[in-house]
Amino acid sequence: MPELPEVETVRTGLTNLVEGSTINRVEVIYPKMINVAPEVFKNSLAGRKIIKIDRRGKYLLFRFDNNITLVSHLRMEGKYDVETEGTAPGKHTHIIFHLNDDRELRYNDSRKFGRMYLIHNGEEHTLSGLGTLGPEPTEQDLTFEYLKKIMNKSRGKIKPFLLNQSHLAGLGNIYVDEVLWMSKIHPETTTSLISDDEIKSLRNNIIEEMKNAIKGHGTTVHSYSNAYGEAGQFQDKLKVYGRKGQPCFRCGSKIEKTVVAQRGTHFCPKCQIKVIK
DNA sequence: AGAGATGTTAAGCG
DNA sequence: TCGCTTAACATCTC
């Protein structure tokens, strides 16, 4: 379940492996994964060189030398791997990019939730998810003023608010539970009732958590692995996620697990007090 | 064997 | 029009 730090780890790995490589030929095994006809997809990428791999939120952006960008979202289970040409593809391999050096870049996805979109450079805003993405969770992009403004007018619960990628980009279920625990905010707290001091703390924790998780090469909870098939290390640093029934690291109370906005949600019932309208 | 897990978005509602 | 909620997507794990 890749969130921003995991996608960033994948981006770094793929940059090392295939940046500068040229695609000879593309195989589309599962056409529902892409937003154009398979023939258009193949013809647009055949013979093109990958000049850069960028990231925006949880989206990977492969830049090609013909002003085309391949936008890739891994959703729940998407993974890339690079193998020698001719080795048997996995059961869940849906797209194969044959490179010009006896290697293949493969996209694997056991749930088939991942999506790829082919666009002309500059058309990012036309895609439904990418086009409405909020700021990156960084010191520069996620300002206190912006966060305060959108939080003050939101009447919903803070957890789904933070999961909404149009508010800010990159957080998923795991990191939202983590930053709310760090900020001592209950996941069901009404967003507009959160004080300025708490917003400041929440903002700092989001920015720090993303930085640290990237440094730890992401979190492997279920099945995430980077382009080298390696697991992340950050799961060892998690404070609440997956710790149901275990003692809170701050106060010793048992961590509880409930469902908020259809998501498994972990919190400390003593440290994180619910404030609702 | 059936429930649960997970990210995103279209559709529905007020 | 906007913001929030719900369901759907597809498959594997427990």
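Since the model is a prediction, treat every value here as computed from it, not as a measurement. Residue numbering restarts at 1 for every chain, and letters A, B, ... go by the order of the sequence lines. Both backbone and side-chain heavy atoms feed into the values below; hydrogens, waters and symmetry mates do not.
Residue S154(A) has no polar side-chain atom (N or O) positioned under 4.0 Å from OP1 or OP2 of dG3(C). Taking side-chain N and O atoms only, K112(A) has no distance below 4.0 Å to OP1 or OP2 of dG7(B). Remark: H73(A) is not in phosphate contact with dG7(B), judged by side-chain N or O atoms under 4.0 Å from OP1 or OP2.
dT13(C) and dT8(B) have their P atoms separated by 22 Å, given to the nearest Å. For dC9(C) and dA1(B), the P atoms lie 23 Å apart once the distance is rounded to whole Å.
Separating the CG atom of L162(A) from the C1' atom of dC4(C) is a distance of 15 Å, rounded to the nearest angstrom. Rounding to whole angstrom units, OH of residue Y107(A) and P of dA10(C) are separated by 14 Å. In this entry the distance linking CG of L60(A) with P of dT8(B) reads 12 Å, nearest Å. One atom, CG of D109(A), and another, C1' of dC9(C), lie 11 Å apart when rounded to the nearest Å. For the pair L127(A) CG and dT9(B) P, the interatomic distance rounds to 9 Å; values are reported in whole Å. When the P atom of dC9(C) is taken as reference, atom OH of Y30(A) falls 11 Å away, rounded to whole Å. Going from atom CZ of R75(A) over to atom P of dC12(C) covers 18 Å, rounded to whole Å. Rounded to an integer number of Å, the gap from K91(A) NZ to dC12(C) P is 5 Å.
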Checking salt bridge (charged side-chain N to carboxylate O under 4.0 Å, His left out) for the pair K274(A)/E188(A): CA distance, chi angles, key distance, verdict?
CA-CA 6 Å; K274(A) 185 179 353 183; E188(A) 294 186 89; 3.6 Å; yes

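Contact annotation for K32(A): backbone-only contact, meaning every heavy-atom pair under 4.0 Å involves sugar-phosphate atoms and none involves a base. When heavy atoms are screened at a 4.0 angstrom cut-off, F161(A) is found touching no nucleic acid atom at all.
The distance from atom CG of L238(A) to atom CZ of F249(A), rounded to the nearest 0.5 Å, is 9.0 Å.
The environment of NZ in K42(A) is crowded: more than 12 heavy-atom neighbours from other residues, nucleotides or ligands sit within 6.0 Å.
Side chain of E136(A) to backbone of G57(A): a donor-acceptor contact under 3.5 angstrom is found.
Using modelled atom types and a 3.5 Å distance limit, the side chains of D177(A) and H266(A) yield a donor-acceptor pair.
In this structure, the aromatic ring of F113(A) is positioned over the six-membered ring of the base of dC9(C), centres within 5.5 Å and planes within 30°.
Considering only the side chain of H92(A), dT11(C) comes nearest among dT8(B), dT11(C), dC4(C).
R263(A) contributes a side-chain N or O that forms a donor-acceptor pair with the base of dT8(B) under 3.5 Å.
The residue among K153(A) and Q262(A) whose nearest nucleotide of DNA chain C is located toward the 5' end is K153(A).
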